[in-house]
Amino acid sequence: MASSFSGDETAPFFGFLGAAAALVFSCMGAAYGTAKSGVGVASMGVMRPELVMKSIVPVVMAGVLGIYGLIIAVIISTGINPKAKSYYLFDGYAHLSSGLACGLAGLSAGMAIGIVGDAGVRANAQQPKLFVGMILILIFAEALALYGLIVGIILSSRAGQSRAD
């Protein structure tokens, strides 16, 4: 039985696993960061309701993490087409590592944003001078996910370079 498939038949499994890992782990980080900092905003809003809109910054920053995972998942999934171009294990592993790099970086950044956002908005309600410091810490936590996105893009671009077709 002739098949139009070229490359390793199990390789797309690893590529799709990478796309799923990027989206799932990044969204887990986004969800945790949103929930944890949202609890802090709600708690702070009881004491100082006028600061609620100013304290939404950690929630927004956590939400961006899911977008990073979506970007990598789309890049990976568009690169998997074994009937058009040979797809080898190297390519699958490159896409898997790309997804894991972005996803796990997004998960860890989401945890950091959630913890800092929760404590930061509560502290900001008691001492407004802490706002700038909280924002700087949140930016550095968000940068961790951005590093994962950049490494994920670089790793996914390596797919297709294993052999000269």
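The figures here come from the full heavy-atom set of this structure, side chains too, leaving out hydrogens, waters and symmetry mates. Note that the coordinates shown come from a computational prediction; the quantities given were computed from them, not determined experimentally.
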* **Inter-residue atom distance I56.CD1 - K54.NZ, 0.5 Å rounding** => 13.0 Å

* Do you reckon L138 sits in the same ILVMFWY cluster as V39, going by side-chain contacts under 4.5 Å, direct or chained? -> no

* Asked: Do T34 side-chain atoms and A31 backbone N/O form a donor-acceptor pair below 3.5 Å?
  -> no

* Shared hydrophobic cluster for L104 and L146 (ILVMFWY, side-chain gaps under 4.5 Å) -> no

* Asked: Do L144 and L107 share a hydrophobic cluster, counting only Ile, Leu, Val, Met, Phe, Trp and Tyr and linking them when any side-chain heavy atoms are less than 4.5 Å apart?
  -> no

* Verify the cluster assignment for I135 and L130: are they in a single hydrophobic cluster under the rule of side-chain heavy atoms below 4.5 Å apart? => no

* Structure fact -> Here the gap from Y32 atom OH to S37 atom OG, rounded to the nearest 0.5 Å, amounts to 10.0 Å

* **Enclosure of M47 CE (heavy-atom neighbours >12, cutoff 6.0 Å)** => yes

* Find the distance between CZ (F131) and CG (L51) and round it off to the nearest 0.5 Å. => 9.0 Å

* Distance-minimising heavy-atom pair for S26 and A22 -> OG-O, 2.9 Å

* State plainly whether one hydrophobic cluster holds both Y93 and F90, where clusters connect Ile, Leu, Val, Met, Phe, Trp and Tyr through side-chain heavy atoms under 4.5 angstrom apart. => no

Report, one line per pair, each donor and acceptor closer than 3.5 Å where one atom sits in a side chain of residues 110-125; sequence neighbours left out.
residue : atom : partner : partner atom : Å
D118    : OD1  : G40     : N            : 3.3
D118    : OD1  : R122    : NE           : 2.8
D118    : OD1  : R122    : NH2          : 3.2
D118    : OD2  : K36     : NZ           : 3.4
R122    : NH1  : S43     : OG           : 3.4

* What's the spacing between E50 CD and S55 OG if we round to 0.5 Å? -> 9.5 Å

* To do: Verify, without hydrogens or angle tests, whether S98 (side chain) and A94 (backbone) share a donor-acceptor contact under 3.5 angstrom.
  => no

* Over 12 foreign heavy atoms within 6.0 Å of CZ, R48 -> yes

List, one per line, each side-chain donor-acceptor pair under 3.5 Å for residues 58-82, sequence neighbours excluded.
residue : atom : partner : partner atom : Å
Y68     : OH   : E142    : OE2          : 3.4
S77     : OG   : A73     : O            : 3.0
S77     : OG   : V74     : O            : 3.2
T78     : OG1  : V74     : O            : 3.0
T78     : OG1  : I75     : O            : 3.0

* F16 vs H95, side chain to side chain contact (heavy atoms under 4.5 Å, CB included): CA-CA, chis, key distance, verdict -> CA-CA 8 Å; F16 287 124; H95 283 149; over 6 Å; no

